[in-house]
Amino acid sequence: MMPRSSHGSTPRVSVPGAPARRPWQDQLRRDPRGFFCLQTEATRGIEVRLFLTPALLEELDDDVYGQILNATSFPGVKLVVITPDVHSGYGVPVGCIILTDAERGAVAMGPVGYDIGCGMISARSQVPVAEATPERRLAFNREVTRRVAMGPGGGSRHLRDLEQDEFLRIVRGGADYYVERYAPQVDRTRTERNRFPVDDDWEVPWGGRGRPERGIGQLGSLGGGNHFIELQACLQTGTLFVQVHTGSRGFGHGLATNYFHLAKAEKPDRITQLDLGFFTPDSRHYRSYLNAVSAGGNFAIVNRLIIYEQVARAFTDVFGAPLDLVYEISHNLVQLEEHPEFGRVWVHRKGATRAFPGGHPALTGTMWEREGHPVLIPGSNFDHSFILRPLPGARHSAYSVNHGAGRRLSRAFAERHLDRRAIEEEYRHAGIVVNTNQRVPIDEAGPCYKPAGEVVGCVVAAGLARIEYELAPLASLKGD
DNA sequence: ATGTAC
């Protein structure tokens, strides 16, 4: 039996204090290419493209506007794109893409964030959905819980006591090194990038502010917050899928913290928080920070591969069949790309996912060159997730789409106003097994997120991507 | 996001 759509029953919760109409909305003009455009004195003449439905626009927090203006404030910005899952971040919105000039522009820190390289990995099976009985959903969660550490502070279970030298080889060599040395069975062609290049003369700032060395013992651990592992039913194939969301743990966080303090020391008058931190090419830390992003990105990729292997073992134990990797991709990075309108640019994706359609030069010679690479979009653990394929229209959004449903309720608001018992009962009724005790982290529950179908619908309507697979949650694992 | 602030 195919599970029914769950997102339709996600209750709309009105956000208190949001005025019915905000003046900045009146400055938006509709562009015939399928987005709203904001280009004013306040944006310094920089074009901001907003991919939003009127309803999603209506519910935006007031401070998102201020954060959009922050996003236009970095030196050498050429374009800012807002995705339909946008919500308030720290200084720039989560759900934005910032293009800066590759030769003279800034590489900005906030638009990469603390969780450098955070992203998704998805796998599919040929196991019919009916095999996932309630008992097996719980068994799957138990088997995964045995193999993967979850929650803040969680440590590595499979690369314990890693020597610093070997850790360095991993964060320098990325998936190329990891797969060759540890996991030759993993298909390396199914990652967004196998390895971000790290200069030989760059050194991890061991012992620096942020202490990135705490990441050494964390390879293969999930983390907390919105990181998760999920067993899913695919509506198109009628088979089981699995999806993982995780990032660079204490390593990326430590690197981001370290370089933020260096940026602050350089421009104490201007840079007061990570979100406003940036380096221009004349900074002595410019190349060094880019190396840190590469190393953090490599950690995140390998972290996802390790967890995927463990989840695949759990899956095989419970369902007696293998998982096949679909794709691995980040939504928190800065990468050098060639853009038809803007030339060579640093593309910062903060809660946004790369979306190269078929025919994009960067895909030439890969298995994705005709149809584009898969794009992995999680919904909440009470809602559907999606695997998309980019379309040529994605050139208007800097070859990017959203990264999820987008938060709608703040964690604090959720803790205060959501009814835990009622929510846990809803999950039980929907047959969604949460962890091994059905305890739903309340600040991560379904109502905390926008309806994924509405958000993805906006991306589809704008011609950025098409839906390849829609996935309903069966079992959800979250730390913390 | 994060050995959950300075």
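All chains are named by letter (A, B, ...) in the order of the sequence lines, taking the proteins before the strands, and each is independently numbered beginning at 1.
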In whole Å, what is the span from the [atom1] atom of [X] to the [atom2] atom of [N]?
X        : N     : atom1 : atom2 : value
A/Phe260 : B/dT2 : CZ    : P     : 19 Å
A/Asn332 : B/dT2 : CG    : P     : 11 Å
A/Gln273 : B/dA5 : CD    : P     : 16 Å
A/Arg249 : B/dT4 : CZ    : C1'   : 13 Å
A/Ile116 : B/dT2 : CD1   : C1'   : 12 Å
A/Arg211 : B/dA5 : CZ    : C1'   : 18 Å
A/Leu274 : B/dC6 : CG    : P     : 12 Å

Using a heavy-atom cut-off of 4.0 Å across all strands, would you classify [X] as base, sugar-phosphate, or nothing?
X        : result
A/Tyr90  : base
A/Gly113 : nothing
A/Gln218 : sugar-phosphate
A/Gly224 : sugar-phosphate

(request) Can you see which heavy atom on A/Val77 is nearest to which on A/Ile46, and at what distance? (result)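 Result for this residue pair: O-CD1, 3.3 Å.
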(message) For the residue pair A/Arg407 and A/Tyr449, would you count it as a cation-pi contact if the rule is NZ or CZ under 6.0 angstrom from the ring centre and within 45 degrees of the ring axis?
(response) yes
(message) Is it true that A/Gln232 and A/Tyr469 share a donor-acceptor pair across their side chains at a distance under 3.5 Å?
(response) no
(message) Within this structure, what is the CD-CG distance for the pair A/Glu230 and A/Leu474, rounded to the nearest 0.5 Å?
(response)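 Separation between the atoms: 8.0 Å.
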